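Remarks on the structure that follows.
Both ligands and their constituent atoms are indexed starting at 1 by order of listing. Here the structure is a predicted model, which is why all the values come from computation and not from measurement.
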Amino acid sequence: MSDTPRPALKRILLKLSGEALMGDDAFGINQATIVRMVQEVAEVSRLGVQVAVVIGGGNIFRGVAGGAVGMDRATADYMGMLATVMNALALADAMDKQGLTARVMSAIAIEQVVEPYVRPKALQYLEEGKVVVFAAGTGNPFFTTDTAAALRGAEIGAELVLKATKVDGVYTADPHKDPTATRYSRISFDDAMSQNLGIMDATAFALCRDQKLPIRVFSIVKHGALKRVVMGEDEGTLVHA
Ligand SMILES: Nc1ncnc2c1ncn2[C@@H]1O[C@H](COP(=O)(O)OP(=O)(O)O)[C@@H](O)[C@H]1O
Ligand SMILES: O=c1ccn([C@@H]2O[C@H](COP(=O)(O)OP(=O)(O)O)[C@@H](O)[C@H]2O)c(=O)[nH]1
């Protein structure tokens, strides 16, 4: 028997924002950044943790921005969902290059490009140790990939939704706008929602609250943070029921 510490979690849903893929670039996908993120995912996958990923698309297209310049909002949102498919392909490619086996599943049928999301198939892949990348969000306009993370997390029975962001947790106010903001180590869904802490949208929070699916917000920039979360260490902010 080895006394190597065991991960505290068996199955996780990791939400990566599109902007996390940009690194320091102004838009698009930064190769060095994606490789580094995949290395962190590979580390926890090799510990035996089943990893599903929901990837955003904000680095390529954001529906609200299209809507704001006069484009039909639903059309703009479909463009946003297609942007997440591009990110998913890039992410899965980087995962395969790191020796992981990745499968992309899309909420929108584009079968020549990626397979459709079929829940039992996703569960099978996870059991086999493959990393499943969920693309195209929820498949519906007017939603976000944060809500897709809550939805897929609940569907696959993840123990925790891990929201990787550029900040290292939930703050009393947006830390990019208010330098005096302080970080919570834990906060309830009700408090996070009533205080309008803009880290995730209310739909995502409400779904996780109702399903009693906790969220941990942590930094994607901080090396080793993902592994620390998976090992059950105190990292970022826990949003709980
Ligand atoms: N109370 C808050 N605590 C932490 N971050 C916040 C808060 N309110 C707003 N934010 C913003 O939320 C962002 C994290 O969300 P993320 O999903 O990575 O970005 P986006 O949704 O814009 O792609 C942070 O960059 C931060 O500026
Ligand atoms: O279920 C979904 C998920 C995403 N989107 C669209 O896809 C864009 C990109 O997703 P998001 O902004 O959540 O990406 P992130 O902020 O994580 O990069 C959004 O702005 C929406 O326009 C959508 O319409 N429905």
Side-chain angles (χ1 to χ4, degrees), residues 13-23 25 27-30 33-34 37 53-69 71-88 90-91 105-108 117 133-153 155 161-187 189 191-205 207 215-222 225 236-239:
L13 189 297
L14 173 65
K15 162 69 208 301
L16 293 174
S17 75
E19 278 174 21
L21 298 185
M22 293 196 308
D25 296 349
F27 68 93
I29 299 166
N30 179 286
T33 304
I34 202 169
M37 277 178 6
V53 180
V54 166
I55 180 79
N59 56 320
I60 301 174
F61 195 83
R62 215 178 268 287
V64 264
V69 296
M71 190 184 284
D72 174 65
R73 171 67 193 269
T75 304
D77 279 343
Y78 281 111
M79 291 174 70
M81 286 183 258
L82 293 177
T84 73
V85 178
M86 287 197 252
N87 283 335
L91 192 62
M105 298 189 126
S106 172
I108 290 179
Y117 169 65
V133 181
F134 293 123
T138 65
N140 301 291
F142 307 107
F143 287 92
T144 64
T145 51
D146 280 350
T147 300
L151 174 66
R152 296 288 186 245
E155 282 190 79
V161 169
L162 280 74
K163 169 147 168 106
T165 74
K166 283 178 276 183
V167 292
D168 61 352
V170 182
Y171 280 72
T172 49
D174 186 344
H176 286 140
K177 293 177 188 152
D178 180 355
T180 67
T182 54
R183 182 169 60 87
Y184 294 101
S185 72
R186 47 189 294 143
I187 185 169
F189 284 114
D191 287 344
M193 289 166 77
S194 66
Q195 292 172 41
N196 266 325
L197 300 174
I199 187 97
M200 270 177 116
D201 59 270
T203 314
F205 272 145
L207 188 52
I215 303 170
R216 193 172 278 277
V217 179
F218 73 104
S219 167
I220 189 64
V221 196
K222 188 170 161 190
T237 300
L238 182 71
V239 191

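Proximity of Y78 to ligand 2 is not established, as no heavy-atom distance is less than 4.0 Å.
Geometrically, ligand 2 and D146 share no nitrogen or oxygen pair separated by less than 3.5 Å. Polar contact check, R62 against ligand 2: a nitrogen or oxygen pair lies under 3.5 Å apart. At least one N/O-N/O distance between F143 and ligand 2 falls below 3.5 Å. Inclusion of T84 in the set of residues having an N or O under 3.5 Å from an N or O of ligand 2 is not warranted. Between G57 and ligand 2, at least one N/O pair is under 3.5 Å apart.
Using a 4.0 Å cut-off between heavy atoms, T147 makes no contact with ligand 2 at all. The proximity of K15 to ligand 2, defined as any non-hydrogen pair under 4.0 Å, is limited to the side chain. Looking at S17 against ligand 2, both its backbone and its side chain come within 4.0 Å, counting heavy atoms.
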Ligand 1 polar-atom proximity to protein (N/O, under 3.5 Å):
residue, atom, partner, partner atom, Å
ligand 1, 1 (N), Y171, O, 2.7
ligand 1, 3 (N), Y171, N, 2.8
ligand 1, 8 (N), G198, N, 3.4
ligand 1, 17 (O), K163, NZ, 2.4
ligand 1, 23 (O), R62, NH2, 3.3
ligand 1, 25 (O), H176, ND1, 3.3
ligand 1, 27 (O), D174, OD1, 2.7
ligand 1, 27 (O), D174, OD2, 3.3
ligand 1, 27 (O), H176, ND1, 2.8

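Against a heavy-atom cut-off of under 4.0 Å, N140 is close to the following atoms of ligand 2: 1 (O), 2 (C), 23 (C), 24 (O), 25 (N). Short contacts between ligand 2 and G18, defined as distances under 4.0 Å to a heavy atom of the residue, involve ligand atoms 15 (P), 17 (O), 18 (O). Heavy-atom contacts of D77 reach the following atoms of ligand 2: 6 (C), 21 (C), 22 (O), 24 (O) (cutoff under 4.0 Å).
For E19, the salt bridge (Lys or Arg N to Asp or Glu O under 4.0 Å) test picks out R62, K166, with sequence neighbours left out. Partners of R183 under the side chain to side chain donor-acceptor pair (under 3.5 Å) rule, at least two apart in sequence or in another chain, do not exist in this structure. Shown here are the side chain to side chain donor-acceptor pair (under 3.5 Å) partners of T182, two or more places apart in sequence or in another chain: there are none.
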